[in-house]
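Every value quoted in this text rests on a predicted model; they were computed, and no experiment measured them. Here is how names work: the chains are called A, B, and so on, in the same order as the sequence lines, proteins then strands, and each is numbered from 1. Keep in mind that the numbers below use all heavy atoms, side chains included, and drop hydrogens, waters and symmetry copies.
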Amino acid sequence: MTTPLEGYVGIDTLTEQIRKKALRQGFEFNVMVVGNAGLGKSTLVNTIFKSKVSRRQPEEDYHTPSTVEIKTISHVIEERGILLKLSVTDTPGFGDQVDNTNCWQPIMRHVNEQYEKYLNEEISIKRRKRIPDTRVHCCIYFIPPSGHSLRLVDIEVMKRLVEIVNVIPVIAKSDSLTLEERERFKATIQQQLIEHNIRVYPDLENLDVDDETERQRNLKLKERLPFAIVGSSTTHQVGSKSVLGRKAGWGVIEVENDAHCEFNHLRNMIIRTNLQDLKEVTAQVHYELYRHRRLETLKKVPLDSVGSTPSSPSYDIPNSEPNHNKVASTPKLGETGKAIAASQKEVVEALSESKI
Amino acid sequence: EAAGDYNGSVDEGMRTLNLSGHVGFDSLPDQLVNKATNQGFCFNILCIGETGLGKSTLMNTLFNTNFENEPQHHNMPGVKLKANTYELQESNVRLKLTIVDSVGFGDQINKEESFKPVVEYINQQFENYLQEELKICRSLFSYHDTRIHACLYFISPTGHGLKSLDLKTMKNLDNKVNIIPVIAKADIVSKGELHKFKIKIMNELVTNGVQIYQFPTDDETVAEVNASMNTHLPFAVVGSTEEIKLGNKMVKARQYPWGTVQVENENHCDFVKLREMLVRVNMEDLREKTHTKHYELYRRSKLTEMGFIDDNDGGKNFSLQEVYESKRNDHLNELQRKEDEMRQMFVLRVKDKEGELKKSEKELHDKFDKLKKMHMEEKKKLEEKKKSLQDEITGFEKKRQQAETL
């Protein structure tokens, strides 16, 4: 199949050309943290990015917001010549009400609003060369370290979030659990996730099947979820070293020590190995799914008509207004993804038939 | 072009933070490159030029291989575009290379319409991409991009200037594709003439407002070499896949009685410059400009032509997809209607002709019958005459016999 080359051409310089372009253009990354107040969300983000990305609420004037608020802060950080525009979205008030019914709605609205913004720009006649990407690439969900199991609200929220965004669950403030308690807790959570068919990131169905090493690495990561983490921006002296950690009466919990917690794994996954993949899955899977649904609901023809319109899986979108909150009844991502692939094939066939 | 091309802008209120330790996102370019490499790349070159200017040879030389291509003859009735796709690989980079050749370009007596098939081809590739982009259920990321990234325009080495065909063609292409003009078979032109030739060509291009591709100067690592190369346009190229021994090396060359032209010798021709610019430095920029400049222009004008406007209110062009599809369907239905009409007319015509033929057939039959009848009557008359003559002969014989016995 490949045409043999009888000498050096220079095609392999493409990787260098792409690298240069990426350096020039810089990168964007948007993270969202979801969890109850006091679980260490801001601290974790600051620990991952080694800077004061999020501002912790000063305890004196801390008040419980009466609804779930969405607050996004953006920064530009630079490392070895690489520029990264980082946006962190916090969700104060989440899960803190007495009645937490529908607490996921503002979050889902925010995620979908970013898709909507992007779609609007993409569909314009006069559109920008590079569409600003505010889509949430990664949503870290904080599980309180009860040691028992996921709460009802955790299940309900995660169930819905995984349909529209990459969700990485973590056990917050895990220094209150012993290693055995931690393992048992994790096992219970993993089982619950399977039971409720909650597909957290990395979802192996969305992976590039080609790269075997990547696949293996992601499999290992998946076995470790949810990561048990501890966050801190203060350093302490341990022996001769200065480490990031939390000082307790009984010792120092070192954040970057694998024997103490799994912070390194989380940080490495999000930043050092899977960042690009998180963005690509957001763009190629979640966004495409949103776009598909959005454009579908505008059609006046019935959803399963044949011809140049794709026949979509038969899910009912209870929509008179394209309100993004009402996504409760949508099917699981996996099935929809497969169905989309199938209808995609149909579209291609139908189009090629109707072409003159 | 956005100032500095930095993605988006630094918003007010966005702070630049200092990091207190190594975070690790400096691996981002690697992550990006790995993903891109896994997916593979594609690059599409269009070669335009008269038959016999060495387009195929140049492609073979450029890519160090032999793309099977028979030399074309000169009596094509019109211009046709022929595309061939090849899979190339160098270390871990896989490239799907498509070379589109303009067959028959410049061979006709009347070349007024020569540029049209080329423009149509380029537009068709944009159209295909646009349709994919507008699909509700689409797979843009695995789509085989066939849009032309670079157009090599081969100029005849007359030494005098551009032909009007050249100017007309390039003027019609410059807002659709990145044009890189090259002087073909440059070993025909002497060195002194070459310099004057290049200046003449560039002047003519400027005078006629033809925009050719400029190697970009916004990346400081390549700005200098690109700027310098821009002054050497159009590249005077010589192609050859034959190797001659020179000293103790084998080099690609063309051998004449008066000397040997070495393809990769920068004193002899600009081949090395072309390869450097086209493949090793600016391939990615060519792809990006095609997508962000030429394709966007096509998309914008196509959608505007179809009557879409940006509604700055809430309800945007979400029906874009629907209306585009319905307009396409309308167009297809119109074509179908015309086809049916033609078919009907054809059937009618056939019927008429059949009727006419039947009538003629009948006339012929009648004529034939009449002739036959006439013939029969004639025969009858002759028979009667024959009989009466026979009777006369018999009577005469009798009389003779009577006379003899007397």
Side-chain angles (χ1 to χ4, degrees), chain A residues 1-7 9-15 17-28 49-53 74-77 79-80 82 84-85 120 123-126 129-130 132 208 210-211 271-272 275-276 280 284 292 295-296 298-299 308 310 340 343-344 347 354 356, chain B residues 2 5-8 10-11 14-21 23-29 31-33 35-38 41 63-65 86-91 93 95 135-137 139 141 219 221 279-280 283-284 292 300 303-304 308-310 316-322 325 329 332 335:
Chain A
M1 273 314 281
T2 332
T3 314
L5 302 174
E6 289 156 27
V9 177
I11 297 172
D12 59 354
T13 57
L14 261 177
T15 50
Q17 295 180 37
I18 296 216
R19 185 188 301 269
K20 284 200 185 133
K21 186 173 89 165
L23 281 176
R24 215 172 49 236
Q25 292 178 341
F27 298 86
E28 286 167 311
F49 289 101
K50 300 245 164 102
S51 54
K52 275 212 161 52
V53 178
S74 298
H75 299 284
V76 175
I77 47 182
E79 192 168 68
R80 302 212 185 135
I82 319 282
L84 177 66
K85 179 175 167 205
N120 257 306
I123 242 180
S124 299
I125 310 290
K126 264 209 181 91
K129 247 205 295 194
R130 293 194 71 214
D208 241 324
D210 291 349
D211 198 344
I271 304 292
R272 298 185 186 174
L275 205 159
Q276 186 61 29
E280 284 196 7
Q284 296 175 18
H292 183 219
L295 295 180
E296 265 294 313
L298 284 168
K299 283 184 152 318
S308 56
I340 284 181
S343 59
Q344 188 177 307
V347 173
S354 61
I356 287 189
Chain B
D5 216 17
Y6 180 67
N7 69 333
V10 182
D11 306 332
M14 189 155 58
R15 300 138 52 184
T16 314
L17 287 179
N18 290 322
L19 306 175
S20 63
V23 177
F25 61 87
D26 54 344
S27 66
L28 265 178
Q31 292 184 39
L32 183 61
V33 167
K35 285 244 173 233
T37 317
N38 279 334
F41 303 91
F63 291 99
N64 268 330
T65 183
Y86 310 94
E87 308 253 357
L88 308 177
Q89 179 158 3
E90 212 161 52
S91 64
V93 175
L95 180 70
K135 276 197 197 150
I136 291 185
C137 198
S139 53
F141 311 99
D219 183 336
T221 54
V279 180
R280 299 183 187 176
M283 197 182 247
E284 180 56 31
T292 57
R300 198 182 311 167
L303 292 177
T304 315
F308 294 107
I309 45 165
D310 273 340
K316 272 241 180 173
N317 295 318
F318 285 112
S319 51
L320 191 79
Q321 168 63 21
E322 198 181 321
E325 277 293 317
N329 284 336
L332 289 174
L335 286 177

Please look at Phe25(B) and chain A and tell me whether the side chain, the backbone, both or neither of the residue comes under 4.5 angstrom of a heavy atom of that chain.
both
In chain order, what residues pass the salt bridge (charged side-chain N to carboxylate O under 4.0 Å, His left out) check against Asp12(A), with sequence neighbours excluded?
none
Would you give the length of the straight line joining atom CD1 of Ile136(B) to atom CG of Leu295(A), rounded to the nearest 0.5 angstrom?
5.0 Å
Mind checking whether Leu32(B) and Phe27(A) have side chains closer than 4.5 Å, heavy atoms only?
yes
Ser20(B) side-chain N/O to Ser51(A) backbone N/O, donor-acceptor pair under 3.5 Å
no
Under 4.5 Å from any heavy atom of chain A, what part of Leu19(B) do you find: side chain, backbone, both or neither?
both
Between the side chain of Thr65(B) and the main-chain N/O of Pro4(A), is any donor-acceptor distance below 3.5 Å?
yes
What distance separates Thr13(A) OG1 from Met283(B) CE, expressed to the nearest 0.5 Å?
7.0 Å
Can you tell which part of Phe63(B) gets under 4.5 Å to a heavy atom of chain A, answering side chain, backbone, both or neither?
both
Which atom pair, heavy atoms only, marks the closest approach of Glu90(B) to Leu5(A)?
OE2-CD1, 3.9 Å
Among the listed options Thr221(B), Val93(B), Thr304(B), Asn18(B), the residue most often paired with chain A at heavy-atom distances under 4.5 Å
Val93(B)
Can you check whether Ile11(A) reaches Leu88(B) side chain to side chain, under 4.5 Å on heavy atoms?
yes
How long is the straight-line distance from CD1 of Ile82(A) back to CG of Leu28(B), given to the nearest 0.5 Å?
7.0 Å
Rounded to the nearest 0.5 Å, the CG atom of Leu14(A) sits from the CG atom of Leu95(B) at a distance of 6.5 Å
Whatever's closer than 4.5 Å to a heavy atom in chain A on Asp219(B) counts as both
So, using side-chain hydrogen bond (donor to acceptor under 3.5 Å, both in side chains) as the criterion, who are the partners of Asn64(B) when residues are at least two apart?
Lys252(B)
